[in-house]
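Throughout, protein chains are lettered first and strands after them, A, B, ... in sequence-line order, and every chain is numbered starting at 1.
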2 protein chains.
Amino acid sequence: MLSKKTKYALHALTYLGKHKDEKTVLIHDIAEEHGISHKFLENILLELKKAGMLGSKKGKGGGYYLIKEPKDIPLSKVIRLLDGPIALLPCVSLNYYEPCAECKSEALCGINKVMVQVRDETLKILENKTLEDILKTG
Amino acid sequence: MLSKKTKYALHALTYLGKHKDEKTVLIHDIAEEHGISHKFLENILLELKKAGMLGSKKGKGGGYYLIKEPKDIPLSKVIRLLDGPIALLPCVSLNYYEPCAECKSEALCGINKVMVQVRDETLKILENKTLEDILKTG
DNA sequence: ATAAACCCTATTTAATTTATAGGGTTTATG
DNA sequence: CATAAACCCTATAAATTAAATAGGGTTTAT
């Protein structure tokens, strides 16, 4: 399951996407809209900013704004940033690989094989669906 | 990511599948083979038993054994039993549905839409792949 | 009778997630 | 230039969940 952090991030990005005609958007407004703690959301927006997904303006009248086109923000990127691996097993993760302690041989592990398939199908969706797709409906 | 419980369960089932010519298999042997705590594994095997996935024999010379053909144990069932939902969001789970607190309208939520897709593709694999498939390789 | 092995429930520990706290820095504005 | 608005940063606490342990109970082959 996705963490709240990731869900909040997706909602925040969606909010920013919907308001991209405005110059900046306040943390406060996003937090209120989705009933998220202001401070918790602040941390998330900072992470998104450091990851180059959005920009901000300090001082009075400041706020956050998208610095990329929604179509250039794949969901996989957001999930990986906030949640870490998308794969169901560490031994199958492309970005956060680790061997499984209880597994003798990865090459001979049937569980591994299935989870590679799941990962690939999942990524096929999450790497191609972007913020733009979410904006269409939401 | 799958919990250790689920991973241990899958390994235990695999072990039982490999030794199904033997009448029973000891917790001890499975635990040792995969470096799992005996007692922790015991709890897991009990859950699998209660769920009707395996049988046991008490007393000296007892142990656990599969009561189903490996091909009749889909991975989705094991994962759901030990880990709960397979879906990435509660609002998209078939077996553990719950609305998302931060979401205003499920019907209008673009995140929801994408996660339905991910769920469906994942289930397409996990409901059709069974213990038998894992045994082939592992 | 005894030892081996599963059965059951409760508790503890550890890890992770979620949230809060508190001050620092920048900047528009009057 | 004073002020208030707003983001910036790091640390800590609280809550939840996952993982492991504990300890005795019951069954059964020998």
Side-chain angles (χ1 to χ4, degrees), chain A residues 1-9 11-12 16 22-32 34-51 53-67 79 81-85 88-90 96 98 100-102, chain B residues 1-9 11-12 16 22-32 34-51 53-67 79 81-85 88-90 96 98 100-102:
Chain A
M1 300 274 260
L2 299 181
S3 69
K4 287 197 177 181
K5 248 183 167 171
T6 297
K7 289 203 270 177
Y8 292 167
H11 282 296
L16 286 167
E22 294 156 45
K23 259 194 170 149
T24 63
V25 169
L26 302 185
I27 294 176
H28 178 82
D29 291 349
I30 305 173
E32 200 166 57
H34 293 284
I36 307 172
S37 141
H38 174 109
K39 280 294 201 176
F40 193 38
L41 181 60
E42 187 171 17
N43 288 333
I44 294 165
L45 292 176
L46 269 226
E47 278 197 73
L48 289 170
K49 192 198 162 178
K50 281 180 193 159
M53 262 177 258
L54 42 81
S56 64
K57 187 158 179 289
K58 282 187 184 173
K60 195 171 179 181
Y64 287 94
Y65 51 89
L66 289 178
I67 53 175
I79 295 175
L81 179 67
L82 283 308
D83 250 15
L88 292 180
L89 291 179
Y96 299 85
E98 269 182 61
C100 287
E102 64 286 349
Chain B
M1 299 273 259
L2 299 180
S3 69
K4 287 197 177 182
K5 248 184 168 171
T6 297
K7 290 205 268 177
Y8 292 168
H11 282 296
L16 286 166
E22 294 156 43
K23 256 190 172 150
T24 63
V25 169
L26 302 184
I27 294 176
H28 178 83
D29 292 349
I30 305 173
E32 201 168 56
H34 293 284
I36 307 172
S37 142
H38 175 108
K39 280 295 200 176
F40 193 38
L41 182 59
E42 188 172 16
N43 289 334
I44 294 165
L45 292 176
L46 269 227
E47 277 197 75
L48 289 170
K49 192 197 163 180
K50 281 180 192 157
M53 262 178 258
L54 42 81
S56 64
K57 190 160 177 285
K58 281 187 185 176
K60 195 172 177 181
Y64 286 94
Y65 51 89
L66 290 178
I67 53 176
I79 294 174
L81 179 67
L82 282 308
D83 250 15
L88 291 181
L89 290 180
Y96 299 85
E98 270 181 61
C100 287
E102 65 285 350

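- Here the straight-line distance linking atom OH of B:Y65 with atom CD of B:E22 works out to 15.0 Å at 0.5 Å rounding.
- In terms of modelled atom types and a separation under 3.5 Å, the side chain of B:S3 and the main chain of B:D83 share no donor-acceptor contact.
- A donor-acceptor pair shorter than 3.5 Å can be found between the side chains of A:S56 and A:K49.
- The nearest whole Å value for the distance from the CD1 atom in B:I44 to the P atom in D:dA19 is 9 Å.
- You can see that DNA chain C meets the heavy atoms of chain A within a 4.0 Å-exclusive cut from C:dT18 to C:dA28, reading 5' to 3'.
- A:M1 has its CE atom 13 Å from the C1' atom of D:dT17, to the nearest Å.
- For D:dT26, the paired nucleotide is C:dA5, the pair qualifying as Watson-Crick or G-U wobble because both relevant distances are below 3.5 Å.
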Candidate pair B:Y8 and B:L2, rule side chain to side chain contact (heavy atoms under 4.5 Å, CB included), full reasoning: CA-CA 10 Å; B:Y8 292 168; B:L2 299 180; over 6 Å; no
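- Across every strand in view, D:dA11 sits in a pair with C:dT20 that passes the Watson-Crick or G-U test at under 3.5 angstrom.
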Derivation and outcome, side chain to side chain contact (heavy atoms under 4.5 Å, CB included), residues A:H38 and A:I27: CA-CA 7 Å; A:H38 174 109; A:I27 294 176; 3.8 Å; yes
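- A salt bridge links B:K39 to B:E42: one of the charged nitrogens lies within less than 4.0 Å of a carboxylate oxygen.
- At a threshold of 4.0 angstrom between heavy atoms, the contacts of A:L26 are confined to the sugar-phosphate backbone, with no base atom among them.
- Judged by closest nucleotide on DNA chain C, A:L2 is the one of A:L2 and A:K39 placed further toward the 5' end.
- Atom CZ of A:F40 and atom P of D:dT12 are 18 Å apart (whole Å).
- When rounded to the nearest whole Å, the span between CG of B:N43 and C1' of D:dA20 equals 9 Å.
- Regarding B:L82, its CG atom lies at a distance of 13 Å from the P atom of D:dA20, rounded to whole Å.
- Here the C1' atom of nucleotide D:dA18 and the CD1 atom of B:I36 are 15 Å apart, to the nearest Å.
- B:I27 comes within 4.0 angstrom of the backbone, heavy atoms only, and of no base.
- Along DNA chain D, the nucleotide nearest to A:Y64 and the one nearest to B:K4 differ in position, and the one closer to the 5' end is contacted by A:Y64.
- More than 12 heavy atoms of other residues, nucleotides or ligands sit less than 6.0 Å from atom CD of A:E102.
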